[in-house]
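Below: one structure, written as structure tokens.
The sequence lines fix the lettering, A, B, ..., with proteins before strands; numbering per chain opens at 1. Predicted model, so just to flag it, every value in this text is computed and none were measured.
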Protein chains: 2
Amino acid sequence: MGKAWSVEAVAGRLGITTRTLHYYEEVGLIPPVQRTPGGHRVYDEATIARLEQILRLRDVLGYTLQEIREVMDVEDVLQGYRVQLEAGVKPEVRMDILEHSIQLLETVVAHIDEKVERLETMRQRYRERLARIEQKLAKHRNEVDEGE
Amino acid sequence: MGKAWSVEAVAGRLGITTRTLHYYEEVGLIPPVQRTPGGHRVYDEATIARLEQILRLRDVLGYTLQEIREVMDVEDVLQGYRVQLEAGVKPEVRMDILEHSIQLLETVVAHIDEKVERLETMRQRYRERLARIEQKLAKHRNEVDEGE
DNA sequence: TGAAAACCAAACGTCAACGTAAGGGTTTGT
DNA sequence: ACAAACCCTTACGTTGACGTTTGGTTTTCA
């Protein structure tokens, strides 16, 4: 069994506050955390991994907690599928599950692709401006050279 | 001279509300807008272009208004440079300005690059999961085929 | 020209995502 | 065994980015 982490330990490790951890549990982004007999929270690696994914979605994709919840719902569905698959199901069901999992993941990837594309369009705009200025500078350097 | 746009016209064109236009002016994201003798706002194309850039930064990059303000400050500096250049300055000053402009734009581009990179890392994660599932599905299809 | 439509400033409201404070239990190290 | 450090719940506070309302003014156009 993995190590047991206290709230503060997790917060430190993930670079967030204990309040955020409580909050995410409160709004259901993570399932209710294990407790000691005295009521103190005890985090396991699985929960921490989930938290890391939540934070990536928040910080890298800039998702709102609502959007993150949707992605995590997908994750939960996928997890449910894995459990079903391990339990062994009829071949057709198995294929259905795999195909649906693929669809769900493709949706997420498509979302990321769209974001990347828009960012690249934007970068292109700036790059063009840069190119224009650099050209100007080069021309200018030439003129100075010839003037000497 | 270009057309004159009313608040509502601009809001409609940009897909935002008049409140947002007022707000952006209030917090200084755009300079004070021209007014009719009666006090109604009149937007020109230059301001609208600036607003479009602000909205791109907001929607595509997901910047906060604070971050947008920083980018727009850079734009203002660049604009100041253009004015100086058109007014004609000494060659060394001209080169300094061009080089500084390049540096400012490169900072923005670098920021975008970083964002893209992190998105691509994330996409890669999902793609790998996808690949694993697809492989499973393929294997499964094979087994079904052989069984017939 | 006059009424409907658009506009104004000022100010309070809202929602997400936490921050912070209070009052009191629990764990841990010695 | 006991104090320091940590943790709990509850609940009110805060900030950003606008939404909404009010009461009055300006434009427009039939």
I want to check something: taking the side chain as every heavy atom from C-beta on, are A:Arg19 and A:Tyr24 in contact at a cut-off of under 4.5 Å? no
_Taking the side chain as everything from C-beta on, heavy atoms only, tell me whether B:Val42 gets closer than 4.5 Å to B:Arg35._
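Side chain of B:Val42 against side chain of B:Arg35, heavy atoms only: no contact under 4.5 Å found.
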Readout for nucleotides 21-30 of chain C: B = base within 4.0 Å of protein heavy atom, S = sugar-phosphate only, - = neither; 5' to 3' it is ----BSS---
I need the [atom1]-[atom2] distance between [X] and [N], as an integer number of Å.
X       : N      : atom1 : atom2 : value
A:Leu21 : C:dG19 : CG    : C1'   : 14 Å
A:Arg19 : D:dT14 : CZ    : P     : 15 Å
B:Glu26 : D:dG19 : CD    : C1'   : 13 Å
B:Arg41 : D:dT25 : CZ    : C1'   : 14 Å
B:Ile16 : D:dG19 : CD1   : C1'   : 14 Å
B:Glu70 : D:dG16 : CD    : P     : 13 Å
A:Arg69 : C:dC15 : CZ    : C1'   : 14 Å
A:Gln66 : C:dA16 : CD    : C1'   : 11 Å

Of the nucleotides [options], which has the atom closest to the [X] side chain?
X       : options               : result
A:His22 : D:dT9, C:dA17, D:dG19 : D:dT9
A:Arg35 : D:dC8, D:dT20, C:dC18 : D:dC8
A:Leu65 : D:dC8, C:dC18, D:dC18 : C:dC18
B:Thr64 : D:dT9, D:dA17, D:dC18 : D:dA17

Check your understanding: Just by distance, with hydrogens left out, do B:Tyr126 and A:His111 show a side-chain donor and acceptor under 3.5 Å apart?
Key ->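 Note: B:Tyr126 and A:His111 side chains miss the donor-acceptor criterion.
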Requested in this report: Using only heavy-atom distances, determine whether the side chains of A:Gln53 and A:Arg56 contain a donor-acceptor pair under 3.5 Å.
Outcome: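 Side-chain D/A pair, A:Gln53 to A:Arg56: absent.
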Is [X] close enough to [N] that one of its side-chain N or O atoms is under 4.0 Å from OP1 or OP2 there?
X       : N      : value
A:Ser6  : D:dC6  : no
B:Thr20 : D:dG19 : yes
A:Tyr24 : C:dC18 : yes

d(B:Trp5 CH2, B:Leu14 CG) to nearest 0.5 Å is 8.5 Å
Please classify the nucleic acid contact of B:Val7 as base, sugar-phosphate, or nothing, using heavy-atom distances under 4.0 Å. sugar-phosphate
Residue pair A:Thr18/B:Thr18 against DNA chain D: nearer the 5' end by closest nucleotide is A:Thr18
Given A:Leu85, A:Asp96, A:Leu78, the one that forms side chain to side chain contact (heavy atoms under 4.5 Å, CB included) with A:Ser101:
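Exactly one pass, corresponding to A:Leu78.
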Taking A:Val33's backbone N and O only, do any of them form a donor-acceptor pair with A:Glu25's side chain (distance below 3.5 Å, no angle check)?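 Yes, because the side chain of A:Glu25 sits within donor-acceptor range (under 3.5 Å) of the backbone of A:Val33.
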